[in-house]
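Shown next, in structure tokens, is the structure this report addresses.
Per chain, numbering begins at 1; letters A, B, ... match sequence-line order.
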2 protein chains.
Amino acid sequence: MRIAEPTVERLVQYIRYLERCREAGKRVISSQEIGDGLGIKASQVRKDLSYFGEIGKRGVGYNVEKLYGHLNTIFAPPKTWKIAMIGIGNLGEALLGYKAFESDKFRIVALFDIDPAKIGRKIHGIPCYDVEDMPQVLNDEGVEVLIITTPSSAAQDVVDKATESVPIKGILNFAPTTLVVPEHIILYNVDIFVELEKLLFYIKLKEMGGNIWG
Amino acid sequence: MRIAEPTVERLVQYIRYLERCREAGKRVISSQEIGDGLGIKASQVRKDLSYFGEIGKRGVGYNVEKLYGHLNTIFAPPKTWKIAMIGIGNLGEALLGYKAFESDKFRIVALFDIDPAKIGRKIHGIPCYDVEDMPQVLNDEGVEVLIITTPSSAAQDVVDKATESVPIKGILNFAPTTLVVPEHIILYNVDIFVELEKLLFYIKLKEMGGNIWG
DNA sequence: GCGTGTGAAAAGATTCACAGCC
DNA sequence: GGCTGTGAATCTTTTCACACGC
């Protein structure tokens, strides 16, 4: 089955929202309530959920526990993914200590940097290696997913180096640059710079009454 | 004029790419080259750029300097935006030291936290205030944009508190939760959790040969 | 010949509206 | 009566294909 990317994005939000409902002791929820809580139209919620069969009850709503479990099954990994993080600066370290990065879906098994002060040490309990040794370590550890937190200038290089010798499946890129990767690798970007620029652009556009040229 | 959101996202990337071409001494560039460098179709590049009038030369391409200047004008703010950051934990501090956050488009004028060890001090040269004093300080400083880097549990509360008493125009949210804000406020999310989940989901889907149920 | 600019076609995503079940 | 599930309609975004200027 094909599931559109915007749908997947919302499904993740539904899981997160249901988690909260569950903890709050809610047993049943309607598409309207979910939508209101996430700023999404009720009809959109229903369509998204309908892709996985009839999971709600007409006239009643969705059983919170059942829906939560259902969605979690969909997102359950076939195994614990092994991830490596490349570039352990401020941002990388902040992410390692970040609770949104704690999950039983994956384990960060290796860090890489060029700073001799970091190489050979453990950071947040994870060993940090020299970027030079990357292909070797990635292969030994069976890493399939990369998190890129290097400066922009280094990002494309390390990705090229890693992907040419290791069967990497996906990359999450935090470097504020656009990476070009082989077709078979799935790439997602968390681009702080772009998001901020978009925000400021639309604020400007609104102030200008829709006229870009001021 | 109306410019679609995906277009704005690409325009920001074009600026960044042209900056690099410019530094590399490139004078003229084609839509094909831009597209290849960013993983975008040439026809898409041309359509995006055509919204702003005929800026290229047929049979030749685009003048790098001219196109760069043109796009920069479009994104130039009417004034330097004043931004406040709320929640100065690992992620917030990392962002403050991050070079993608250095721009002449805005200035971060105030930080907020609940930690007494941080309140009253300067962090990266910016004064940190008590969250309790937020409405007051935001008004005094004329802040129009918020960056939310609090834990998820606090994010909606601080946003509600800030937006009810101050004319906030936009919010960039890093908390891994979905915020609901008044209609007139522009909200962008940088949701690490969602991006990672999407990536892992699509890797799984590929491994399963497109069959979610494994 | 080469590469832009652009209307028209295709593809993709959201919203509507209502039948069907509780 | 209330709320889901879903085909059909609408709206949005991308891609095509070719006329036009260098």
Side-chain angles (χ1 to χ4, degrees), chain A residues 1-14 17-18 21 26-68 70-71 74 178 194 198 201-202 205 210, chain B residues 1-14 17-18 21 26-68 70-71 74 178 183 194 198 202 205 210:
Chain A
M1 194 196 337
R2 205 189 147 280
I3 302 170
E5 139 105 45
T7 298
V8 176
E9 176 140 359
R10 286 187 299 266
L11 290 174
V12 176
Q13 295 186 70
Y14 300 153
Y17 188 70
L18 289 167
C21 294
K26 202 162 172 54
R27 312 299 289 263
V28 172
I29 196 164
S30 71
S31 59
Q32 184 72 54
E33 286 176 284
I34 297 175
D36 289 350
L38 296 172
I40 293 168
K41 284 233 158 81
S43 58
Q44 181 75 81
V45 175
R46 291 202 301 279
K47 193 161 227 68
D48 288 340
L49 297 179
S50 74
Y51 292 135
F52 309 104
E54 301 207 6
I55 192 74
K57 272 204 174 51
R58 294 171 189 221
V60 180
Y62 300 90
N63 177 304
V64 171
E65 198 63 41
K66 193 172 148 199
L67 181 54
Y68 178 74
H70 202 73
L71 292 176
I74 292 162
T178 307
V194 170
K198 282 195 292 185
F201 174 79
Y202 277 112
L205 199 60
Chain B
M1 194 196 339
R2 203 188 147 281
I3 302 169
E5 139 105 48
T7 298
V8 175
E9 173 139 1
R10 286 187 299 267
L11 290 173
V12 176
Q13 294 186 69
Y14 300 154
Y17 188 70
L18 288 167
C21 294
K26 201 161 173 56
R27 311 299 288 263
V28 171
I29 196 164
S30 70
S31 59
Q32 184 71 56
E33 286 176 285
I34 297 174
D36 289 349
L38 296 172
I40 293 170
K41 285 235 160 80
S43 58
Q44 181 74 80
V45 175
R46 292 203 301 281
K47 177 124 316 340
D48 288 340
L49 297 178
S50 75
Y51 294 134
F52 309 103
E54 300 206 7
I55 192 73
K57 272 202 175 52
R58 295 173 189 222
V60 181
Y62 301 90
N63 177 304
V64 171
E65 199 63 42
K66 193 173 148 199
L67 180 55
Y68 178 73
H70 200 73
L71 292 176
I74 292 162
T178 308
E183 186 100 46
V194 170
K198 282 196 291 184
Y202 277 112
L205 199 59

Point-to-point distance, once rounded to the nearest 0.5 Å, from [atom1] of [X] to [atom2] of [Y]:
X: B/I55; Y: B/Y62; atom1: CD1; atom2: OH; result: 9.0 Å
X: A/K47; Y: A/K41; atom1: NZ; atom2: NZ; result: 14.5 Å
X: A/K66; Y: A/L71; atom1: NZ; atom2: CG; result: 12.0 Å
X: A/C21; Y: A/Y14; atom1: SG; atom2: OH; result: 13.0 Å

Inset, instruction - Taking only Lys NZ, Arg NE, NH1 and NH2, and the carboxylate oxygens of Asp or Glu, determine whether A/E9 and B/K198 approach each other closer than 4.0 Å. - result: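 Yes.
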Legend entry - Segment of DNA chain C, first to last nucleotide, that comes within the 4.0 Å heavy-atom reach of chain B: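 First and last nucleotides in contact are C/dC2 to C/dA8.
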Inset, instruction - Between A/E5 and A/G59, name the one whose nearest nucleotide on DNA chain C is closer to the 5' end. - result: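 Its nucleotide being nearer the 5' end, the pick is A/E5.
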Legend entry - DNA chain C: 5'-proximal contact among A/S43 and A/V60 (nearest heavy atom):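 Looking at the nearest nucleotide for each, A/S43 comes out on the 5' side.
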Inset, instruction - Tell me which of B/R2 and A/K47 sits closer to the 5' end of DNA chain D, going by the nucleotide each one is nearest to. - result: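 Comparing both residues, the 5'-ward one is A/K47.
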Inset, instruction - Kindly say whether B/E5 contributes a backbone atom to a donor-acceptor pair with the side chain of A/Y202 at under 3.5 angstrom? - result: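 Side chain of A/Y202 to backbone of B/E5: a pair is present.
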Legend entry - A/E33 side chain to A/S30 backbone, donor-acceptor under 3.5 Å: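 It does hold such a pair.
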Inset, instruction - Pick base, sugar-phosphate or nothing for A/T7, based on heavy-atom distances below 4.0 Å to the nucleic acid. - result: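 Contact class for A/T7: none.
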Inset, instruction - Please work out if B/L49 contacts a base, only the sugar-phosphate, or nothing of the nucleic acid, heavy-atom cut-off 4.0 Å. - result: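 The answer is nothing, as B/L49 stays clear of every strand by at least 4.0 Å.
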Legend entry - Criterion side-chain contact (heavy atoms from CB on, under 4.5 Å) against B/V45, the qualifying member of B/I34, B/L38, B/I29: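 It is B/I34; the other options fail the test.
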Legend entry - Nucleotide interval of DNA chain D bounded by contacts with chain B (heavy-atom cut-off, under 4.0 Å):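 Answer, 5' to 3': D/dT13 to D/dC22.
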